[in-house]
Amino acid sequence: MRARTTALLGVGVLVLAAGCAGPQAGGPPGTGPQDASDETPLVGVAMPSVELERWVGDGENVSAQLTSLGFDVDMRYAEDDPATQVEQLRAMVDAGADALVVASVDGSALSDVLADAGAADIPVIAYDRLISGTDAVDYYASFDNHRVGVLQGTALLRGLGVVDAAGKPTGAAGPFAVELFAGSPDDNNATVFWDGAMSVLRPYLDSGVLTVPSGQVQREQGAIQGWAADLAGERMTSLLGPYRDGLRLDGVLSPYDGISQAILAATAELGYVPVVTGQDAELDAVRSVAAGEQYATVYKDTRQLAEVTVQMVQALLDGGEPEVNDTTSYDNGVKVVPAYLLAPQEVTEDSYTKVLVDSGYYTAQELR
Ligand code: BGC
């Protein structure tokens, strides 16, 4: 199972399309029809959108692993709409779900429905994206998101020749012209990625080795709602003025492969390829990296994330305590959510075979 096939799901997985009403329980939470008639625990899995490639693979991995452990799964994609996701979660709570796994669209919009889940003693695991502003989130399974940003910022510097392969400054004085993109403002990860990237870029911005000719240096200015490729392409095009007039665009900080590919498409008219970063090792992006276009991406093995999550679900339903490796980083405004964070890995033209093909994530043939 990997992150780029269709959203077809294994046998035994209850799939409900976005917008469809789920099974409605007549009774209070926890006494839905599935519980009454079936002892098999039901796990509700809320995913953000099938439009962004990675979530298709995540959904497949999570549901396949839950199913293979004998759980029933109710997985729904919210078409990137927070209100739709709230409705879907409410249906899962009403149906008597025994646990919820939630990759949020808007991590701050779920307080009410999760309060109901909490009242019904349904454990909630935030999947990949932190859920904020509520104590009704029990655990967080994700990657070291700050590190993702550090890898992105460092890749940009290396692609520009500001640091060497070991990350040591080369002394290159520049100035290098760069533009900066950030992820969706409603996704906590976007801030963490940005802060991580800025922690390595800031000194070079301050010293003038890097310049941002658009002047748009705040995260809010570079943020792309919904991580949407079309919006990213529009923003890049709107910034092209000075570069069409001959200034060289040396690099672009991009937080996600879909955005990176849109940036590369928008800058194609310049006749050269700027250094562009990314994230998720999406198929098109990895092909682009292999072809020497997109400079780098960040690989996060979503099979491992699914494994960690499924282990959390199992521990909770067995009355045990899930394993965590971070109890300090993710304060959601109400509590510090205990987390298990996996390690992200940088991928470039030099390393994609080793990282992605040797690990079985893609076959060499798929990347041709
Ligand atoms: C995920 C990234 C992904 C982005 C867009 C973030 O929350 O952590 O892996 O690129 O959403 O889907």
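Atoms within each ligand, like the ligands themselves, are counted from 1 in listed order.
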Chemist: Are any of the N/O atoms on Asp187, whether in the backbone or the side chain, positioned under 3.5 angstrom from an N/O atom of ligand 1?
Modeler: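 For ligand 1, there is an N or O atom that lies under 3.5 Å from one belonging to Asp187.
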
Chemist: So which heavy atom on Val137 is nearest to which on Lys335, and how close?
Modeler: O-NZ, 2.7 Å

Chemist: Output the list of atoms in ligand 1 that are nearer than 4.0 Å to some heavy atom of Arg129, sorted by atom number.
Modeler: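 Going through ligand 1 atom by atom, the ones under 4.0 Å from Arg129 are 4 (C), 5 (C), 6 (C), 7 (O), 11 (O), 12 (O).
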
Chemist: Please write down residue, atom name and distance for the protein heavy atom closest to atom 3 (C) of ligand 1.
Modeler: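 Sorting protein heavy atoms by distance from atom 3 (C) of ligand 1 puts Asp280 OD2, 3.2 Å first.
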
Chemist: Would you mind checking which non-hydrogen protein atom is closest to atom 12 (O) of ligand 1, with the distance to 0.1 Å?
Modeler: Trp55 NE1, 2.9 Å

Chemist: Asp128 versus Asn189: any side-chain heavy-atom pair under 4.5 Å?
Modeler: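 With C-beta onward as the side chain, the pair touches.
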
Chemist: Do ligand 1 and Tyr256 have nitrogen or oxygen atoms that lie under 3.5 Å from each other?
Modeler: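 So ligand 1 has no N or O lying under 3.5 Å from an N or O of Tyr256.
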
Chemist: Determine which pairs satisfy salt bridge (charged side-chain N to carboxylate O under 4.0 Å, His left out) with at least one residue from residues 243-271, sequence neighbours left out, and list them in order.
Modeler: Arg244-Glu269, Arg248-Asp250

Chemist: With heavy atoms under 4.0 Å as the rule, classify the contact between Phe143 and ligand 1 as side chain, backbone, both or neither.
Modeler: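 Contact part for Phe143 vs ligand 1: neither.
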
Chemist: Show me which atoms of ligand 1 lie under 4.0 Å from any heavy atom of Asp128.
Modeler: 1 (C), 6 (C), 7 (O), 8 (O)

Chemist: Provide the number and element of each atom of ligand 1 under 4.0 Å from a heavy atom of Lys300.
Modeler: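 Near Lys300, meaning under 4.0 Å from one of its heavy atoms, ligand 1 has 1 (C), 2 (C), 8 (O), 9 (O).
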
Chemist: Using a 4.0 Å heavy-atom threshold (strictly under), name the region of Phe193 that reaches ligand 1: side chain, backbone, both or neither.
Modeler: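 Side chain only; the backbone of Phe193 stays clear of ligand 1.
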
Chemist: Using a 4.5 Å cut-off on heavy atoms from C-beta on, say whether the side chain of Asn332 contacts that of Tyr140.
Modeler: no

Chemist: Decide, yes or no, whether a salt bridge links Asp187 with Arg129 under the criterion of side-chain N to carboxylate O below 4.0 Å.
Modeler: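 Counted as a salt bridge, because a side-chain N and a carboxylate O are separated by less than 4.0 Å.
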
Chemist: Quick one: look at Asp257 and ligand 1, take heavy-atom pairs under 4.0 Å, and tell me if it's side chain, backbone, both or neither.
Modeler: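 Answer for Asp257: neither.
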
Chemist: For Val178, run the side-chain contact (heavy atoms from CB on, under 4.5 Å) check against Leu160, Val217, Thr211, Leu201 and tell me which one passes.
Modeler: Leu160

Chemist: Tyr361 ring centre to Arg303 NZ or CZ under 6.0 Å, with the angle to the axis within 45°?
Modeler: no

